[in-house]
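Per chain, numbering begins at 1; letters A, B, ... match sequence-line order.
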Amino acid sequence: MAEFLNGWKRSHHCGVPCESELGQDLTLMGWVDGKRNLGGLIFAYLRDRSGMMQVVFDESRNDRATFEKAEGIRSEFVLAVKGVLARRAPEAINPDVATGAFELLVSDFKILAVSETPPFMIDDDSETNEMLRMQYRYLDLRRPVMQRILALRHRIAKVARDYYDAQGFYEIETPILGRSTPEGARDYLVPSRVYPGQFYALPQSPQQFKQLLMLSGFDRYFQIAKCFRDEDLRADRQPEFTQIDCEMSFVEDEEDVMAVHEGFMAELFRKIKGIEIPLPLPRMKYAEAMARYGSDKPDTRFGLELVDVSDIMGSTEAQFLKDAIAAGGSVRAINAVGSADKLSRKEIDKLVEFVKTYRAKGMSWMTVTADGVKSTLAKFMTEAQIASLLERVGAKANDTVFFVCDADDEVVFAALGALRLELAKRFDLIDPDRFDLLWVTEFPLFEYDAEDGRYYAKHHPFTSPKLEDLDKLESDPASVRAKAYDMVLNGYELGGGSIRISNQELQKRMFRALGFTDESAAERFGYFLRAFQYGAPPHGGIAFGLDRIVMLMAGTNNIRDVIAFPKTQNASDLLTQAPNAVDDAQLAELGICIDKRGTE
RNA sequence: GGCCCGGUAGCUCAGCUGGUUAGAGCGCUAGCCUGUCACGCUAGAGGUCGUGGGUUCGAGCCCCAUCCGGGUCGCCA
């Protein structure tokens, strides 16, 4: 049934022909996108990645064999079509299609491939279950919206290559098969056949290699790099993802690095969105981001900022608040302006349950009316305390104020940060056309892990501390700030980086602060530390999440939509059925013995 | 590992307090139709109700277990 092209050459893509091709003989190729058979006249759209063109088969014009063949075409058949491009009558123009004023009057055509009826509609309007879309990803990708997103992804990668090339960065590949590093995310491991019982690790990022490239004198490096992390997934997290990874030499100040890379973001928005982003971008210190937004990746497109009310609430009769503050915590509030008449008691209770998922023990609230306040806290407070509280958070009639208190500030921030986003979603406070870009700077260098009873590097152990905080490295590690920066867009972390430690003495102090002995540091990072003995230039860098950039520019909040062949939340590939069991001979070759009794 | 939501025709869904033969729209198949574009009209096919067990005179609906997909907390230097 299917025919060969037999010398036919495509003259145009389907979405391209316009005024200038009118009256010409064209040859188009593509997929049948719906057929309308009116009897002696058959219409269909032919679709390719550029768009669609209506093709017309006419019993009075076509010979009988051609017309009868046209009656047999079905959705998703692949056709090659020859015909004359004609203008449609004004009343027959389809304003919803880019080529809607034209049509191809078919003289001859070939069926290049037939198709089964697809399991779901190939269009942008149908809301098909994502499981099915992933099983038939090659069909899902035919949908115009998916074609647009992957084209966008290509153009973003192209802008990155052009921009960094123009800035003097070399694109250099680094290994996929590498060495497992103990700290950080869980590694994907690949067994070695040659060394039974030993493993390669897939890179979580090219971090150490790019720093070595700086030592090698390449001065500026970038790479569009696949990275792998064997951790649980989220709507914006996949086990394999792509970074635009950069590193540059002879910089010691964060500003030197940030200036180059905010230029990239501005270029992206200019070329992709036609939006001018004023530079420099706003900078916000980590401490401010946490205090105002309860997040190190604040969405600054709306208000509902956090307010510290510890001093006022600590002076009330509410013992549970006083205890938390005395234990080093705080009471903070969000004023949900104008929400009192929109939030029922039941909905407020739901919000209380919501913040509990962020480890908050509870949440108090206060609704303000013209007659006064109604609150779970009012019984603990004097009139004057209520008045100063309302003034502090700027509350007026019809506002609801929410309070979270905990002995651990992190819990307060996490709960109110999440509540803030939830309220914005609920009351539709976010302008979807707005792009708020900023840098978050001065991150803490360390993170204390209560379970392990030690400090961990918040970024990684090669991140440089702020030089002015050096004297606190041993005495007060929690207050040491890092030369680290994150780029944030609309509440998403788009990328992050740091100035690295290039000074050997400082690196040794850093390892000691992290609880490594000289021996254990050498054991884990020996080759890397040795490299720094041979002349390391000061350097720093950044890595952007390409998937997240595409996601935000495409206007989706699902990372799977911007990856051609994504994985499910359980890290499986529904199309290829990966991962899969392998036969015993293959395992034997790798020296791997799997105990199958436990797995049944 | 925890919590939450979902799984009924090819697709999207409805299915009441457990009660007759499980429905609708789209799609599909066949016929008619020369300006359609969500074509129209007529007729038709199409169901392990995710899977296994249980309760019951009777289960799509209730209970238990399990699989799959999604969201989220932990996790993600």
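Spacing between atom CG of A/Asp236 and atom P of B/rG70 amounts to 14 Å, rounded to whole angstrom units. The separation between A/Glu422 atom CD and B/rG71 atom P is 16 Å, rounded to whole Å.
The side chain of A/Ser205 places no N or O atom within less than 4.0 Å of a non-bridging phosphate oxygen (OP1 or OP2) of B/rA77. Phosphate contact (OP1/OP2 of B/rG35, side-chain N/O of A/Arg61, threshold under 4.0 Å): absent. For the OP1/OP2 pair of B/rU29 and a distance below 4.0 Å, the side-chain nitrogens and oxygens of A/Arg74 include at least one atom meeting the criterion. In this structure, A/Gln569 reaches the B/rG71 phosphate: one of its side-chain N or O atoms is under 4.0 Å from OP1 or OP2. For B/rG6, neither phosphate oxygen OP1 nor OP2 lies less than 4.0 angstrom from any side-chain nitrogen or oxygen of A/Asn129. In this model, the phosphate group of B/rA38 is not approached by any side-chain N or O of A/Arg36 to a distance below 4.0 Å at OP1 or OP2. For the OP1/OP2 pair of B/rC73 and a distance below 4.0 Å, the side-chain nitrogens and oxygens of A/Tyr358 include at least one atom meeting the criterion. For the OP1/OP2 pair of B/rC75 and a distance below 4.0 Å, the side-chain nitrogens and oxygens of A/Arg234 include no atom meeting the criterion. The shortest distance between the side-chain N/O atoms of A/Thr357 and the OP1/OP2 oxygens of B/rC3 is not below 4.0 Å.
Comparing B/rA22 with B/rG10, their P atoms sit 16 Å apart, to the nearest whole Å. B/rG27 and B/rC37 have their P atoms separated by 13 Å, with the value rounded to a whole Å. Remark: the separation of the C1' atoms in B/rG60 and B/rC41 is 35 Å, to the nearest Å. The separation of B/rG6 from B/rA14, taken at their P atoms, amounts to 10 Å, rounded to a whole angstrom. The gap from the C1' atom of B/rG69 to that of B/rG15 amounts to 23 Å, rounded to the nearest Å. Taking atom P in both B/rU8 and B/rC75, the straight-line distance is 35 Å, to the nearest Å. As rounded to the nearest Å, B/rC28 and B/rU12 have C1' atoms that lie 15 Å from one another. Annotation: B/rC3 and B/rC64 have their P atoms spaced 13 Å apart (nearest Å).
Projected onto RNA chain B by closest heavy-atom contact, A/Gln54 and A/Lys35 fall at different nucleotides, the more 5' of which corresponds to A/Gln54. With the nearest nucleotide of RNA chain B identified for both A/Arg186 and A/Glu127, A/Glu127 has the one nearer the 5' end.
The two residues A/Asp48 and A/Cys14 make their nearest non-hydrogen contact at OD2-N, 2.8 Å. When all heavy atoms of A/His12 and A/Val16 are compared, the closest pair comes out as CD2-CG1, 4.4 Å.
Looking at A/Arg229, its side chain has no donor and acceptor atom pair within 3.5 Å of the base of B/rC76.
Considering only side-chain atoms of A/Ser572, the nucleotide from B/rU34, B/rC37, B/rG69 that sits closest is B/rG69. When each of B/rC37, B/rG71, B/rC75 is scored by its nearest atom to the side-chain atoms of A/Ala92, the top-ranked nucleotide is B/rC37. Nearest nucleotide to the A/Glu103 side chain, out of B/rU36, B/rC26, B/rC75: B/rU36. For A/Asp232, taking side-chain heavy atoms from C-beta onward, the closest of the listed nucleotides B/rG70, B/rA77, B/rG74 is B/rG74. The A/Leu41 side chain lies nearest to B/rG35 when the options are B/rG35, B/rC33, B/rC76. Of the candidate nucleotides B/rG74, B/rC11, B/rA77, B/rC11 has the atom lying nearest to any side-chain atom of A/Phe120. Here the nucleotide nearest the side chain of A/Met121, chosen from B/rG69, B/rU36, B/rG27, is B/rG27.
A/Ser60 comes within contact range of at least one nucleobase, with a heavy-atom separation under 4.0 Å. The residue A/Ile42 sits apart from the nucleic acid: no heavy atom pair falls under 4.0 Å. Among the protein residues, A/Ala457 comes within range of the sugar-phosphate backbone only, with heavy atoms under 4.0 Å from sugar or phosphate atoms but none that close to a base. At a threshold of 4.0 angstrom between heavy atoms, the contacts of A/Asn570 are confined to the sugar-phosphate backbone, with no base atom among them. Residue A/Glu353 is out of contact with every strand shown, counting any heavy-atom pair closer than 4.0 Å. Across all strands, A/Leu233 comes closer than 4.0 Å to no nucleic acid atom at all (heavy-atom distances).
The local environment of NZ in A/Lys508 is sparse, with at most 12 non-hydrogen atoms from other residues, nucleotides or ligands closer than 6.0 Å. Within 6.0 Å of atom OH in A/Tyr136, 12 or fewer heavy atoms from other residues, nucleotides or ligands are found, so the atom counts as exposed in its surroundings. Other residues, nucleotides and ligands contribute at most 12 non-hydrogen atoms within 6.0 Å of the CZ atom of A/Arg49.
Across all strands shown, B/rG44 forms a Watson-Crick or G-U wobble pair, both distances under 3.5 Å, with B/rC28. With a 3.5 Å ceiling on both atom-pair distances, the Watson-Crick or G-U wobble partner of B/rG6 is B/rC68. Look at B/rC33: it lacks any Watson-Crick or wobble partner with both distances under 3.5 angstrom.
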ask   = Run the salt bridge (Lys or Arg N to Asp or Glu O under 4.0 Å) check on A/Arg137 and A/Glu130 step by step: do they pass?
value = CA-CA 10 Å; A/Arg137 188 62 161 177; A/Glu130 208 180 343; 5.8 Å; no
task = Apply the test ring-ring contact (aromatic ring centres under 6.0 Å, His included) to residues A/Phe462 and A/Phe525: give CA-CA distance (whole Å), side-chain angles for both, the deciding distance (0.1 Å), then the verdict.
result = CA-CA 11 Å; A/Phe462 313 111; A/Phe525 305 109; 5.4 Å; yes
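Centre separation under 5.5 Å together with a plane angle under 30° holds for the ring of A/Phe43 and the six-membered base ring of B/rU36, marking them as stacked.
Under 3.5 Å, the side chains of A/Gln54 and A/Asn94 contain no donor-acceptor pair of N or O atoms.
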